[in-house]
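Naming: A, B, ... by sequence-line order, numbering from 1 per chain.
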Amino acid sequence: MADISIEPPNSRLFILCSKNLNETDLQQAFDHYGNVEDIWIVKDKNTNESKGVVYIKYSKSSEAALAMEEMNGKVIANAPKPIKVMIAHSREQGSKKDDDPERLLRLFIVVPKSMTEEELREHFKQFGEVEYVSIVKNRDTGESKGVGYVKYYRAYHAAKAFEECSKSFKAVFARPREPKVPSGGQYDPPMERMGGGGGWIGYGDNVMPMGGRGGSGGHGDARLIAAVHSSLRQEQVYKLFDIAPGLVDIRPQANAQRNYYNQIQKVLVEYNCPQAASYAAEKLHGFEYPPGHRISIRSASGDLPPPSRGALLPNTPTSRMDMNGSGMTTISTSELATLNAALAKAEAIIKNRGLAPSGLKSADDETFDPTYCSVRLPPPQQLVPPPDGPTHRLFIVCQPGLPSMYALRDIFGRFGNLVEVYTLHGKNCGYVTYATQESAEEAIKKLHLQEVCGMRMKVMVAEPPRGGPDRSDRKRLRMDHDSAEA
DNA sequence: CGACGGGACGC
DNA sequence: CGACGGGACGC
């Protein structure tokens, strides 16, 4: 099948008008919105009379969009009726009754995973007023899927963004939303936890307060909503809630993707029974972790008042974890000791950034806290969008593990022009991309062999990706390789 | 030593 | 109201 779609997309007008209009009339009316490549007045094959249907092809989508916005509803050349101007559908698609106007307004883009919606909007507003931006997130992990949408109010603005935004966004006009398909199940059955828990030690099954206060009311929601500090990585949160047996699943709440401005992340914690949930809630609610930041927990069904322990004992020593096991708390394992060591460093983030509840963005000063980073750092800065030009990539390795993405993003961002940081799954290393060589060099100079959140970090220039140092040289034109049919 | 991800929206 | 012509092989 030959590809008969119009290139570039949305660059052709479909016009309904008086049959009297000739090509000159149309050319005079439409010429100055852009480069008109073709004017075609559809005529009756037999009579050779105009059918009142005209196609005008522009070189660019934005030209067609502007022409449509300006000319729709206008009367030209003293014609008896105003013209109707639309962006033509593809030839295959043909006439559509319910024309979805969103098709001209919404772009689908590839977005660096470390980029927030706020930063996206900031970049795309240069082309016109943005209705919304959204980043697609993994439902289970809350992580960005690396793609998103930008919607404008005007077709002209969307077309300008389509043409002029950084190539690395790979902007295309978004396919219309699929009509909703009713699905079978409400939610997927939770997976059994794998790699059975050598995790929790220190008490046996009978220590569990079965039928204790956990059973009060017997309502039995085995799920909790917990609010914890954003600096905690998911594994760390997992270890915290693994203090009770029967932990089934932890996942971020929808729209709770953590970012620089968000000091709290909310997670849904699911146990295999209400008693386990109740037990964990009793242990952890009100507990300060990292120090100075109390974990808050409530029942996922929302109707249950939070377990009262933290409320009764706020900020008292017994509400803290006793890592030496000398107190009454049962939380005391070597694993948790390791966890504590890592988490204690997070305190520095709070102190030095002014991340106190009311002072989210007051961190303009240089930072020097050896427990956060062993070297003096410039103030935090925003990410920058991917440039069209070359980027400068660093390779980082940490021992014994990686700091949280939150910390990495912040620290590397402080040298300016940071485009992206991503880490390899299951490894202690990752890549950091800058838009300028100066920032990249500065990051190496300042951070190489320094300590971040208690982790020793190597920072060096990355080798070019294997599989060809330069893929951008290859032909971008779409060849018709789609010959294979299903 | 320690090296390469990810592409469609709960309306 | 409302959806698809014409051109035709070079360095």
Side-chain angles (χ1 to χ4, degrees), chain A residues 4-6 12-19 23 38-45 48 50-57 73 80-99 102 106-115 132-140 143-151 168-183 185-188 254-255 393-402 420-433 456-469 471:
Chain A
I4 52 179
S5 59
I6 299 298
R12 196 176 59 145
L13 298 180
F14 173 65
I15 300 170
L16 303 169
C17 60
S18 158
K19 298 174 169 52
E23 187 168 330
D38 187 32
I39 297 179
W40 168 26
I41 300 172
V42 179
K43 291 169 181 163
D44 184 289
K45 284 202 173 65
N48 209 32
S50 166
K51 292 164 79 171
V53 171
V54 177
Y55 292 96
I56 295 184
K57 173 70 173 71
K81 64 173 185 182
I83 60 177
K84 195 167 174 181
V85 184
M86 292 151 282
I87 301 291
H89 288 126
S90 71
R91 288 171 129 89
E92 316 180 285
Q93 208 168 9
S95 178
K96 286 262 181 178
K97 283 295 169 58
D98 45 350
D99 187 15
E102 218 178 48
R106 212 167 56 115
L107 300 180
F108 174 69
I109 53 178
V110 174
V111 187
K113 285 209 174 138
S114 38
M115 202 167 200
Y132 65 76
V133 301
S134 73
I135 289 175
V136 180
K137 304 181 185 91
N138 182 302
R139 180 182 162 287
D140 295 324
E143 305 277 335
S144 163
K145 283 192 178 175
V147 296
Y149 297 89
V150 181
K151 188 178 177 192
S168 60
F169 284 115
K170 299 177 180 169
V172 295
F173 287 94
R175 296 196 302 257
R177 301 170 139 83
E178 288 174 11
K180 188 183 159 194
V181 173
S183 66
Q186 289 280 60
Y187 48 80
D188 300 327
N255 299 326
R393 234 169 43 126
L394 307 180
F395 178 64
I396 62 172
V397 196
C398 293
Q399 289 295 343
L402 284 171
E420 182 186 21
V421 31
Y422 91 86
T423 57
L424 274 60
H425 191 67
K427 303 255 173 78
N428 291 338
C429 57
Y431 295 92
V432 178
T433 305
R456 183 68 65 180
M457 186 165 65
K458 297 183 186 177
V459 184
M460 60 215 96
V461 174
E463 297 292 329
R466 67 190 173 100
R471 284 188 297 180

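- Between A:Phe14 and A:Tyr55, the ring center distance clears the sub-6.0 Å criterion.
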Do A:Leu424 and A:Tyr431 pass the side-chain contact (heavy atoms from CB on, under 4.5 Å) test, and can you show the C-alpha distance, the side-chain angles, and the key distance before you say yes or no? CA-CA 8 Å; A:Leu424 274 60; A:Tyr431 295 92; 3.6 Å; yes
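- With C:dG2, B:dG2, B:dC4 as the candidates, the nucleotide lying closest to the side chain of A:Phe14 is C:dG2.
- The side chain of A:Ala462 has B:dA3 as its nearest neighbour among B:dA3, B:dG7, B:dG5.
- Taking the side chain of A:Arg91 as heavy atoms from C-beta on, and the options C:dG5, B:dA3, B:dG2, the nearest nucleotide is C:dG5.
- As judged by a 4.0 angstrom heavy-atom cut-off over every strand, A:His425 is placed among residues making no nucleic acid contact.
- A close approach under 4.0 Å does occur between a side-chain nitrogen or oxygen of A:Lys427 and OP1 or OP2 of B:dC4.
- In this structure, the CZ atom of A:Arg393 is 11 Å from the C1' atom of B:dG5, given to the nearest Å.
- As a whole-Å value, the separation of A:Lys19 NZ from C:dA3 P is 11 Å.
- One cannot find a donor-acceptor pair under 3.5 Å joining the base of B:dG2 and the side-chain atoms of A:Glu463.
- Within the 4.0 Å cut-off from OP1 or OP2 of C:dG5, at least one side-chain nitrogen or oxygen of A:Lys45 is found.
- For A:Arg175 and B:dC9, a side-chain-to-base donor-acceptor distance below 3.5 Å is absent, hydrogens and geometry of angles not being considered.
- Contacts of A:Asn48 with the nucleic acid, taken as non-hydrogen atoms under 4.0 Å apart, are absent.
- Looking at which nucleotide of DNA chain B each of A:Val111 and A:Val136 is closest to, the 5′-most match is held by A:Val111.
- Counting heavy atoms from C-beta outward, A:Cys17 and A:Val54 have side chains that approach closer than 4.5 Å.
- Using a 90° window around 0 for the glycosidic torsion, C:dC9 falls inside it and is classed as syn.
- Side-chain contact between A:Val110 and A:Phe169 is absent, with no heavy-atom pair separated by less than 4.5 Å.
- Under the 4.5 Å side-chain criterion, counting only non-hydrogen atoms from C-beta, A:Glu23 is in contact with A:Ile41.
- Nucleotide B:dC4 holds its P atom 15 Å from the NZ atom of A:Lys113, rounded to whole Å.
- In terms of modelled atom types and a separation under 3.5 Å, the side chain of A:Arg393 and the main chain of A:Glu463 share a donor-acceptor contact.
- Taking only side-chain atoms of A:Val172, from C-beta outward, the nucleotide of C:dG2, B:dG5, B:dA8 with the closest atom is B:dA8.
- No contact: A:Met457 has no heavy atom under 4.0 Å from any strand.
- For A:Asp38 against C:dG5, a side-chain-to-base donor-acceptor contact under 3.5 Å is present.
- Position along DNA chain B of the nearest nucleotide to A:Phe173 versus A:Cys429 favours A:Cys429 as the more 5'-ward residue.
- Contact of the A:Lys43 side chain with the A:Lys51 side chain is not registered, since no non-hydrogen atoms from C-beta on lie closer than 4.5 Å.
- We find that the ring of A:Trp40 and the base of C:dG6 do not stack by the test of centres under 5.5 angstrom and planes tilted less than 30°.
- Taking only side-chain atoms of A:Ala88, from C-beta outward, the nucleotide of C:dG2, C:dA3, B:dC4 with the closest atom is C:dA3.
- Using a 4.0 Å heavy-atom cutoff across all strands shown, A:Pro176 reaches at least one base atom of the nucleic acid.
- Atom CD1 in A:Ile87 sits roughly 18 Å away from atom P in C:dC4 (whole-Å rounding).
- Between A:Glu420 and A:Lys113 there is no salt bridge, since no side-chain nitrogen of the basic residue lies less than 4.0 Å from a carboxylate oxygen of the acidic one.
- Distance CD1 (A:Ile396) to C1' (B:dC4): 13 Å, rounded to an integer number of Å.
- Taking atom OH on A:Tyr422 and atom C1' on B:dA3, their separation rounds to 8 Å, with Å as the unit.
- Residue A:Lys170 places its side chain closer to B:dG7 than to any other of C:dG2, B:dA3, B:dG7.
- Between the side chain of A:Lys43 and the base of C:dG5, no donor-acceptor pair under 3.5 Å is found.
- Here the nucleotide nearest the side chain of A:Tyr55, chosen from B:dG2, C:dC4, B:dC9, is C:dC4.
- In this structure, the CE atom of A:Met86 is 14 Å from the C1' atom of C:dC4, given to the nearest Å.
- With B:dG7, C:dA3, B:dG6 as the choices, the nucleotide that has an atom nearest any side-chain atom of A:Phe108 turns out to be B:dG7.
- For A:Tyr431, counting side-chain heavy atoms from C-beta on, the closest listed nucleotide (B:dG2, B:dC4, C:dA3) is B:dC4.
- Map A:Lys84 and A:Ile41 each onto its nearest nucleotide of DNA chain C; the residue landing nearer the 5' end is A:Lys84.
- The nearest whole Å value for the distance from the CZ atom in A:Arg12 to the P atom in C:dG5 is 10 Å.
- The nucleotide whose nearest atom lies closest to any side-chain atom of A:Glu420 is, among B:dC1, C:dC4, B:dG6, B:dG6.
- Note on A:Leu424: only backbone sugar-phosphate atoms sit closer than 4.0 angstrom, heavy atoms only; bases stay farther off.
- At a cut-off of 3.5 angstrom, the base of C:dG2 holds no donor-acceptor pair with the side chain of A:Lys51.
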